[in-house]
S.K.: 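First the structure, which I've put down as structure tokens, then a few questions once you've had a look.
Chain letters run A, B, ... following the sequence lines, proteins first, then strands; residues in each count from 1. Quick note: numbers below take in every heavy atom, side chains included, and nothing from hydrogens, waters or symmetry partners. Just so you know, these numbers come straight off a predicted model, no measurement behind them.
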Amino acid sequence: MFKKTLRALPIALAVSATAGLSMAEAPEDVLDKLIKKTNSPYLTQSPQNIMIMPDNPAWLVADEGAILFRTPRGPKNASLEKCDFGKGPGVLEGAHVELPRYFADTGKVMDLDSRLVHCMKTLQGFTDNDPAIKKKHGSDSDIMKLQTYIASKSGGMSWNPPMNHPMEKAMRNAGEVMFYRRSGTMDFSCSTCHTQDGKRIRASVLPNINRPDEWTKAISWPAYRTSHDHVRSSQHRVLECLWQMRYPDIRNGSDASIALISFWTDAARGAPAILPDLKR
Amino acid sequence: MYKKTSTAAAVAATTCLFLIVGGCSATSTGKPEADKPEAAKAAPKAKAVDYAAMSPKALAEYLIFESGSYELDQPTQEGTNGRARLTQDDIQKTCSLMKGENLSDKTREKVSALAAASIKYPEDGIKLGDWKKGRELAWSGFGYRTAHNPDDHAKRATGGNCYNCHQLATDRTGGNIGPSLTGYGKIRGNSPATLKYTYEVIYNPHTYFACTNMPRMGATGVLSQQQIADIMAYLLDPASPVNK
């Protein structure tokens with residue numbers, strides 16, 4: 001009898017974990033409400049993309065991430081179920097909308113990407129050269145599968161990165177300076193493209209950082225990019241913007257990248273996250 | 001037992017702290033990044049400094065140049081490196097206005113004077129080039145991107161990026177970060193004064209619009225004098241689709 005109960009326990013836990021996803025709101029519903037509220041041309045620019053959102057291929061990637069998350073892996077043969085994303089070990093509900101944040105165990109402000117890598121190293125024993133960690137981009141990478149799954153547990157919740165620790169404020173404020181800082185061949189800063197309403201690069205409507213209800217879509221990553229046929233991360237967005245700006249490569253998980261992400265997440269504070277999103 | 005464990009933990013934590021500090025002082029020996037193994041490159045030197053004690057500007061500069069965040073040695077098409085791309089000149093520094101910050105009249109004059117001084121004029125005078133070449137230059141956004149996917153200038157000509165921000169002829173879709181230039185020559189004609197003004201705006205627009213978003217295409221060497229002449233023809237030649 002006792003043994004039977006023990007055997008049933010993990011099953012019961014697994015079932016309750018799956019049932020738990022009801023807290024997150026479907027991204028297409030979140031977007032629909034934002035469009036009705038703002039009528040923002042950035043949010044409405046692609047009717048096709050809005051139409052296919054319920055069939056977002058990112059969900060398949062998230063499903064693969066859910067399996068990876070629970071599977072014992074790596075040299076330590078451990079799952080990621082004890083990984084603390086800021087709300088306690090294994091708590092994924094609403095974790096992503098409160099990142100980046102300060103982690104006492106590393107003494108650093110970390111984003112989803114870097115925190116995930118940290119757990120894969122400490123809990124599972126992976127190293128930088130293992131493919132599980134080394135491959136940072138693409139729907140077929142473990143990192144993107146896991147990020148998409150973890151972030152999907154924050155759909156519809158309001159962005160709320162903590163600003164209580166001095167390091168969190170310092171990184172956010174440095175990120176703000178970097179956002180307005182002009183350099184490179186073309187004198188670009190992030191603010192060149194992202195501080196006005198209804199601006200376009202050619203046909204693409206640009207999001208305005210001063211409009212949280214619009215900006216939330218810009219920072220809702222992971223998102224499936226139709227033009228790439230891959231799910232992409234916040235880190236990938238930083239990379240691509242800086243490339244267009246004629247800047248050199250920024251390293252994945254670097255403090256400069258996290259400062260920028262801290263600032264841009266703070267700018268969306270209070271607006272609901274669209275996760276996983278689908279973009280051009 | 002419990003007490004012993006927590007003491008041991010504290011000792012371990014302190015040792016770890018020393019190791020971190022030790023590791024940091026070892027990285028500040030001035031050794032070039034390239035000499036270090038990959039793991040050392042990725043490890044932030046940040047622990048040696050207190051981010052929270054720095055001003056936002058000082059921390060931003062630290063993160064850009066000292067924290068190992070950027071590939072500062074990455075080569076560029078102009079023969080410099082990533083560090084040079086991230087280093088600000090006077091105009092970039094002055095024009096990095098934060099939200100709510102405005103340009104004072106004095107600064108505006110300073111920026112305009114700096115910009116005007118940067119302009120070099122063609123020896124044989126400002127003339128219109130070939131509008132057909134100018135049309136392609138205005139459309140192309142190729143050139144000077146480095147990072148993970150560097151533009152190979154040997155394989156493809158660099159462009160002027162005009163359509164990214166401006167509507168020009170209506171047969172192609174332009175952006176709207178800058179004003180529409182449709183009918184530019186039709187409105188202005190092509191007197192010597194208009195030619196000079198147009199050349200100067202393309203070469204260094206801060207001459208007239210201090211701290212504009214527009215790149216300094218001549219001053220930075222992205223466009224040659226001949227390429228500027230071709231783009232000017234696209235803007236001003238009565239035969240150009242911009243003026244149809």
S.K.: Is chain B contacted by the side chain of A:Ile258, its backbone, both, or neither, given a heavy-atom distance below 4.5 Å?
M.R.: neither

S.K.: Donor-acceptor pair, A:Ser183 side chain versus B:Gln88 backbone, under 3.5 Å?
M.R.: no

S.K.: So what's closer than 4.5 Å to chain A heavy atoms on B:Asn81: side chain, backbone, both or neither?
M.R.: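 When you check distances to chain A, no heavy atom of B:Asn81 falls under 4.5 Å.
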
S.K.: Check the surroundings of atom CZ in A:Arg225: do more than 12 heavy atoms from other residues, nucleotides or ligands lie under 6.0 Å from it?
M.R.: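 Yes, enclosed.
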
S.K.: As an exercise: rank A:Arg181, A:Met186, A:Met171 by heavy-atom pairs under 4.5 Å with chain B and give me the winner.
M.R.: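 Counting heavy-atom pairs under 4.5 Å, the top option is A:Arg181.
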
S.K.: Backbone N or O of A:Arg182 within a donor-acceptor pair of the B:Ser96 side chain at under 3.5 Å?
M.R.: yes

S.K.: Relative to chain B, which of A:Phe188, A:Tyr247, A:Trp243 shows the most heavy atom pairs under 4.5 Å?
M.R.: A:Trp243

S.K.: Can you say whether B:Thr212 sits under 4.5 Å from chain A via the side chain, the backbone, both, or neither, judging by heavy atoms?
M.R.: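 Interface part for B:Thr212: backbone (N, CA, C, O).
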
S.K.: Is there a donor-acceptor pair under 3.5 Å between the side chain of B:Gln74 and the backbone N or O of A:Asp249?
M.R.: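 Answer holds: yes.
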
S.K.: So which of B:Gln77, B:His148, B:Arg83 has the largest heavy-atom pair count under 4.5 angstrom toward chain A?
M.R.: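 The option with the most such pairs is B:His148.
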
S.K.: Which bit of A:Ile209 is near chain B, if near means a heavy-atom gap under 4.5 Å: side chain, backbone, both or neither?
M.R.: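 No part of A:Ile209 comes within 4.5 Å of chain B.
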
S.K.: Could you tell me the separation between the CD atom of A:Glu240 and the CZ atom of B:Arg145, rounded to the nearest 0.5 Å?
M.R.: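 Answer rounded to 0.5 Å: 10.0 Å.
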
S.K.: If every non-hydrogen atom of A:Pro166 is compared with every non-hydrogen atom of B:Ala52, which pair is closest and at what distance?
M.R.: CB-CB, 3.6 Å

S.K.: Side chain from CB out, backbone as N, CA, C, O: work out which of these in A:Phe179 comes under 4.5 Å of a heavy atom of chain B, or both, or neither.
M.R.: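 Looking at A:Phe179, nothing touches chain B.
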
S.K.: Is A:Thr185 close to chain B through its backbone or its side chain, or both, or neither, when contacts mean heavy atoms under 4.5 Å?
M.R.: both

S.K.: Is the number of heavy atoms from other residues, nucleotides or ligands under 6.0 Å of B:Lys93 NZ greater than 12?
M.R.: no

S.K.: Strictly below 4.0 Å, N to O, side chains only: are A:Arg246 and B:Glu78 in salt-bridge contact?
M.R.: no

S.K.: Quick one: what part of A:Glu176 sits under 4.5 Å from any heavy atom of chain B, side chain, backbone, both or neither?
M.R.: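 Both parts, backbone and side chain.
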
S.K.: Is the closest side-chain heavy-atom distance between A:Asn210 and B:Lys99 below 4.5 Å?
M.R.: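 A side-chain contact exists here, since the closest heavy-atom pair is under 4.5 Å.
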
S.K.: Between chain A and each of B:Ala58, B:Ala53, B:Gly82, B:Pro56, count heavy-atom pairs under 4.5 Å; write down the option with the most.
M.R.: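 The option with the most such pairs is B:Pro56.
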
S.K.: Counting N and O atoms only, with roles assigned by atom type, does the side chain of B:Gln167 sit under 3.5 Å from a partner on the main chain of A:Arg202, one being a donor and the other an acceptor?
M.R.: no

S.K.: Which one of A:Ser204, A:Gly198, A:Pro248 has the most heavy-atom pairs closer than 4.5 Å to chain B?
M.R.: A:Pro248

S.K.: Using a distance-only test with no angle check, is there a side-chain donor-acceptor pair under 3.5 angstrom linking A:Asp255 and B:Tyr51?
M.R.: yes

S.K.: Below 4.5 Å from any heavy atom of chain A, which atoms of B:Leu72 appear? Answer side chain, backbone, both or neither.
M.R.: neither

S.K.: Select, from B:Met54, B:Glu61, B:Arg172, the one with the greatest count of heavy-atom pairs under 4.5 Å involving chain A.
M.R.: B:Glu61

S.K.: A quick test of your reading: do over 12 heavy atoms of other residues, nucleotides or ligands sit less than 6.0 Å from NZ of A:Lys136?
M.R.: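 Yes, NZ of A:Lys136 has more than 12 neighbouring heavy atoms, counting only those of other groups under 6.0 Å.
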
S.K.: Among B:Leu63, B:Thr173, B:Asn164, single out the residue with the greatest number of heavy-atom pairs under 4.5 Å to chain A.
M.R.: B:Asn164

S.K.: Against chain B, label A:Ser189 side chain, backbone, both or neither, depending on which of its atoms sit under 4.5 Å from a heavy atom there.
M.R.: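 For A:Ser189, neither part sits under 4.5 Å from chain B.
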
S.K.: If you count heavy-atom pairs within less than 4.5 Å of chain B, which of A:Thr195, A:Asn252, A:Leu239 leads?
M.R.: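 Of the candidates given, the most pairs with chain B belong to A:Leu239.
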
S.K.: Quick one: CG on B:Asn213 to OG on A:Ser191, what's the gap to the nearest 0.5 Å?
M.R.: 7.0 Å

S.K.: With chain A as the partner, which of B:Pro75, B:Gly143, B:Pro150 has the greatest number of non-hydrogen pairs under 4.5 Å?
M.R.: B:Gly143

S.K.: Nearest 0.5 Å please: distance from the CG atom of A:Asp187 over to the SG atom of B:Cys95.
M.R.: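 Reported value, rounded in 0.5 Å steps: 8.0 Å.
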
S.K.: For the pair B:Asn176 (side chain) and A:Arg200 (backbone), establish whether a donor and an acceptor sit closer than 3.5 Å, ignoring hydrogens and angles.
M.R.: yes

S.K.: Looking at chain A, which one of B:Val222, B:Leu59, B:Ile91, B:Ile177 has the largest number of heavy-atom pairs inside 4.5 Å, strictly under?
M.R.: B:Ile177

S.K.: Which region of B:Thr146, side chain (C-beta onward) or backbone (N, CA, C, O), has a non-hydrogen atom less than 4.5 Å from a non-hydrogen atom of chain A, or is it both or neither?
M.R.: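 Looking at B:Thr146, backbone and side chain both touch chain A.
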
